[in-house]
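As structure tokens, the structure follows; a few thoughts come after it.
In what follows, chains carry the letters A, B, and so on, assigned in the order in which the sequence lines appear, proteins first and then strands, with residues in each chain numbered from 1.
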Amino acid sequence: MARTLSFTAALNEALHIAMEADDDVIIIGEDVAGGGGRKDQGIEDAWGGPFGATRGLIGKFGPERVRDTPISEMGFLGVAVGAAATGLRPVAEIMFIDFLGVALDPLLNQASKMRYMFGGKARVPLTMRTNVGAGNRASCQHSQALYGMTVAIPGLKTVIPSTPADAKGLLLASIRDDNPVVFCETKSLMNSEGEVPEGDYEIPLGTASVVREGGDVTLVGMGRTVHTALEAADALAEDGLQADVVDLRSLYPLDEATVLASLEKTGRLVVVDEATPYCGIASEIGALCIDKGFDFLNAPVKKVTAPHTPVPFSPVLEDEYMPSQEKIVAAVHEQLGWNT
Amino acid sequence: MARTLSFTAALNEALHIAMEADDDVIIIGEDVAGGGGRKDQGIEDAWGGPFGATRGLIGKFGPERVRDTPISEMGFLGVAVGAAATGLRPVAEIMFIDFLGVALDPLLNQASKMRYMFGGKARVPLTMRTNVGAGNRASCQHSQALYGMTVAIPGLKTVIPSTPADAKGLLLASIRDDNPVVFCETKSLMNSEGEVPEGDYEIPLGTASVVREGGDVTLVGMGRTVHTALEAADALAEDGLQADVVDLRSLYPLDEATVLASLEKTGRLVVVDEATPYCGIASEIGALCIDKGFDFLNAPVKKVTAPHTPVPFSPVLEDEYMPSQEKIVAAVHEQLGWNT
Amino acid sequence: MISREEALDVYQQLRTIRSFEEKLDTMMKAGKMAGFLHLYVGQEAVAVGVCSHLNDRDYVSSNHRGHGHCIAKGVDLKGMMAELFGKKTGICKGKGGSMHIADLDRGMIGANGIVGAGIPQAVGAALTVSVKKTGGVAVAFFGDGATNQGQFHEALNIAATWKLPAVFILENNGYGEATPAEFAAPMTDLAVRAKSYAMHSLVADGMDFFDVFEKAGEAIDRARKGEGPSLVECKTYRFLGHFVGDPIGYRTDEELNDWKTNRDPLPTFETKAIEMGLVSADALRRIDAEVTAEIEAAVASAEEAPFPSPEDVLTDVYVTE
Amino acid sequence: MISREEALDVYQQLRTIRSFEEKLDTMMKAGKMAGFLHLYVGQEAVAVGVCSHLNDRDYVSSNHRGHGHCIAKGVDLKGMMAELFGKKTGICKGKGGSMHIADLDRGMIGANGIVGAGIPQAVGAALTVSVKKTGGVAVAFFGDGATNQGQFHEALNIAATWKLPAVFILENNGYGEATPAEFAAPMTDLAVRAKSYAMHSLVADGMDFFDVFEKAGEAIDRARKGEGPSLVECKTYRFLGHFVGDPIGYRTDEELNDWKTNRDPLPTFETKAIEMGLVSADALRRIDAEVTAEIEAAVASAEEAPFPSPEDVLTDVYVTE
Ligand SMILES: Cc1ncc(C[n+]2csc(CCOP(=O)(O)OP(=O)(O)O)c2C)c(N)n1
Ligand SMILES: Cc1ncc(C[n+]2csc(CCOP(=O)(O)OP(=O)(O)O)c2C)c(N)n1
Ligand SMILES: [Mg+2]
Ligand SMILES: [Mg+2]
């Protein structure tokens, strides 16, 4: 049975299921309980995480397994790596992906490399939950979409759901994966709702999903931009153009086959990403198309991304900053030579 | 007059010139002097930097301007950012780019964003010198080529010279640039020698250089891989194929015009990078070609990069890990359909 | 001690910060503003007590809760208000917003959205004034939560090792977001952390302007004289939520009310300053009125000001000339 | 105190580390090996003094100077030697090299090329043993230089706040690469840094096995009993360069010779242990010979072992089953 749940509620449900099923799963991060140690004062989890995704866990699983941390991202992520390598299955929360600035090493030089540098003998089943993206007037240090950085690091997997149902299934799969996984939750989607199946299910990492079918152009999105792409597909349909919309879901491993199959069908591809343009997923998809999809291409691959600038604060600027339906439509028109 | 100098000596010369010309230039980093405070014991700069590039500076410019730091990368890079924003022109050394794991925030969230987030009113003339690349049996935490990460960050510039002469001219230009610049020095080139002009000169950031001319295929390299590409060009010449070899020199700003002009001429492009394959410069060049160079392309753009793995220690493995002349030649053959 | 004139000035600043923040709280809750606002209400005595010792050649770095530091360091109120409205006339052209207010001409080198990141930057400013021998000092403001960041540790160590003219103002308000300080460190008295760097430290009652003024004065004096950095822990409390919209719930009403009723820095200052014969209640009420008017004017001018144009998103990334 | 049998074991380990490292030094200088080698000669009493208290359910994290910690924690010598030769039979299949030796089955969770990075990992291991209630403890080894890293600070604070069974062994050898400790921090006695975390601390003579054994024993005991973490500063010295190939030059010969002549941990142990009637010189000489033979055998077997195949570069990145 599916119910309508918000993204946050779907994540919360996945965490409950994962902790119930496996005693080794623990949660650590800033304010994951929040005032969680003041049970004597009747305060259990005042916040339950900055977005509420960890609410109720401390009450059910206790303070041994749900730990508020000091504001020490590098430290507690390093702790999570050490715990993962020695038998726990930690879910660590880096509140905003921007904070990788103070927490990169445990991912870059530790979790990702342990298995390899120790000759295949380590397992680091760490999941790092983190919030990404712009659109909430949170300005440039709380709005980045830095998953390109984690995709670049061999040894990590990176996931970004676009719906509550996928969020639940992908989070369960991530927690149970024996590799370190960066799990990205999109800020502007946290309150959005969708049908979510009950019970325990996993969506395998590395599988994209075609969320709309159409033969004229492929729109590739991830997280929020799946929705922008769907809006653009509606607009394009009014022009008589049918778009395939591919939701990557997993950025590494990347489901190249699904992307290429769609490209083979349509001959045109626009990739939409709310990250900045250089050395990110959009460029990666472009490079994939030109390498393995060369024979399918009828038009240049277009990137619709944020500009190469920090995220501005002013609503007027931030709205302009985000990839929009209009920009996607314009890119498709450009591919078709409609506006030259 | 040009003389033959090593990479290290050319860098050293640039630092001497920059410090002499401008009192605001200061040097900070681990062991940039090394025992530099023991003048009383006759010890002035025992190391002069891990590779010797800062030798002689403390003797000439004093300990006020040449500062050994504690092993506190995030801290001293943050100090350098603060100093740059308030009127100094610091050259900070992060010994190996891998250490961005513990030093990213001052670049990611501070230096790069200050000008923008303060409404165009800040200048952050910071140069971060750092060592990149594999080939020296230094294993996976001292061998990465992470410049893709800094290219992705709006507000930064990223530079990587392939010859001692370029190293000197690019370093002088970087230090004098009013923006934060990540200056990458390739480990495996530090002892290589080349002609270096005397005196003070700058090579503007954002200009690639065509280091070999040929009409059949474009090989794009940077740092060490320029040399690998040149070797491959020699090998290709034996097959009767003439390669254009483009040395990017500056990764951001990227000299798109030079790359596209070469592609227009040759119709085929192979990009060679010693970094890992995803979300790096190689993919960026691919995405550039497919977007703005679509009409020029006669063949898929091929990436010759390191594999998506950490850098292995064993010499046998590390040699296999590195992009080689043979792999470049094979990629060109593949483009020509010679091996299908 | 301070003069009568200075006392009026101090009160004017305390009141400006308080009213500015309360106005923001109201407007935000009424849906008139967007963004992430961390208000300083309750902690005013710290910013004012410290900045009273500073002038334009001195630097201040701040954190996410930065409005008070900016106002006390003399950043233009209208420019700040317009910034918070995302207007083109904002002090940062609307590009930064609350967590990124800076005014380098005034020595305010930036609020900061990354906990702890402003601390090494203040040390960098101290390095600049030291190398350039300007006679200035640099002050970093940060919270109890920030003392658990690596950057706090690294920056204090560097400042102490290099004996730079830096002063570290630790505003211990007992919480980092929803987490009480005692769950983030094994003790709540944090001044002891200076010992790790053989650094001078002091503890001040952060609700009492006079105590902050004295302790910060000592620290700043030492720094100016070349005697090296100090850590000043100011015990304080924030009266509002962590950010506007915080459901709170992690602290009791009794705790809050105790601080508000008995230790509010404004009445505390007023009582003491009147007792000391420095000010009259009437003069303070006149200031109250002036401040209210000034803030209303700032709001009006911010509301009327134009938004940036969409194309402005692309400018100010690099120095291009 | 230790038994006679244990004393022989201790000496065997001290000697093994010493001879292993000296052999590497010779081979490296003769061009027989590649890589970056940071040797432990001079510091042996620390690793052995600490690890004598540990068993297989306990964890150790190490740093770039890790061979001694690995040997003392029982990692297979042949596997280590083969690793350093980059052979397929290496403990990490030749993929890690000197700075990445690990043996999770033995509780050695890794040498580490990033200064300070092993410290939170040991805290993570302490969290595991605490959540799983195995009765184990976790020990982090690191240098004086590492105490200036943010990760040191953050990790100690977390361990202390959560009262985890962790022990922090600070090997203060007076230098971080070429930079003397007193230019990297404003003081050279670093145990005081525990105070920032209300943490128990001890200082040991790192050249004296018996003193390290006693102090580390106290710290490990406390951890095992659930009394929380400790910081143990061991004053020590490295007899060789920072890495093989270091031109040194940053310290005087007198300084070096003083440590070597008067405080070498091997003769120090020998003298004391003989005085205490625990061992005879003869027995130790027999051990010397055995160790030499064992190391020669490890070298021979490493030299004969095959290199990995080039294709192996692609394996072991992800867990795939
Ligand atoms: C590196 C980093 N981690 C976490 C956050 C989220 N955050 C913002 S303010 C805050 C609490 C800061 O506490 P404290 O330093 O005591 O300052 P206060 O808010 O109490 O004034 C946190 C965790 C952040 N902005 N940056
Ligand atoms: C984060 C980081 N910074 C710098 C280095 C380079 N480095 C390797 S060892 C070392 C000195 C470490 O000093 P200490 O912790 O005292 O250990 P010791 O070498 O004296 O045993 C440095 C700076 C590194 N490996 N990692
Ligand atoms: Mg606080
Ligand atoms: Mg040391």
Item to check | B:Q141, part contacting chain D, at a heavy-atom distance under 4.5 Å | outcome: both
Checklist entry - What option among D:K95, D:K93, D:E177, D:E83 has the most heavy-atom pairs under 4.5 Å with chain B? => result D:E177
Checklist entry - For D:K195, does the NZ atom have more than 12 heavy-atom neighbours from other residues, nucleotides or ligands under 6.0 Å away? => result no
Next on the checklist: Between D:Y175 and chain B, with a heavy-atom cut-off of 4.5 Å, which part of the residue counts as in contact: side chain, backbone, both or neither?
Outcome noted: side chain
Checklist entry - Of all residues at least two apart in sequence or in a different chain, which pass the ring-ring contact (aromatic ring centres under 6.0 Å, His included) check with D:Y237? => result D:W259
Checklist entry - Going through the checks in order, is the ring pair (Phe, Tyr, Trp, His ring centres under 6.0 Å) test met by D:H100 and B:F313? => result CA-CA 9 Å; D:H100 309 293; B:F313 163 65; 8.8 Å; no
Checklist entry - Looking just at side-chain N and O atoms, do D:N257 and D:D253 make a donor-acceptor pair shorter than 3.5 Å? => result no
Next on the checklist: Please classify the contact between D:E254 and chain B as side chain, backbone, both or neither, with a heavy-atom cut-off of under 4.5 Å.
Outcome noted: neither
Next on the checklist: Which one wins on heavy-atom pair count under 4.5 Å against chain B: D:G97, D:C92, D:G116?
Outcome noted: D:G97
Checklist entry - Which of the residues B:E73, B:M74, B:R67, B:R137 is involved in the greatest number of heavy-atom pairs with chain D at under 4.5 angstrom? => result B:R137
Next on the checklist: Under a plain distance cut-off of 3.5 Å, with no hydrogens placed, do D:H38 and D:S98 share a side-chain donor-acceptor pair?
Outcome noted: no
Checklist outcome for this item: Okay, D:S309 and chain B: the region with an atom under 4.5 Å from a heavy atom over there is backbone
Item to check | Toward chain B, the part of D:A185 with a non-hydrogen atom under 4.5 Å | outcome: neither
Checklist entry - Which bit of D:V313 comes within less than 4.5 Å of chain B, counting heavy atoms only: side chain, backbone, both or neither? => result both
Checklist entry - Above 12 or not: heavy atoms from other molecules or residues under 6.0 Å from NZ of D:K78? => result no
Item to check | Cation-pi, D:F307 ring and D:K88 (6.0 angstrom, 45 degrees) | outcome: no
Item to check | Residue part contacting chain B, namely of D:D316, when any heavy atom lies under 4.5 Å | outcome: neither
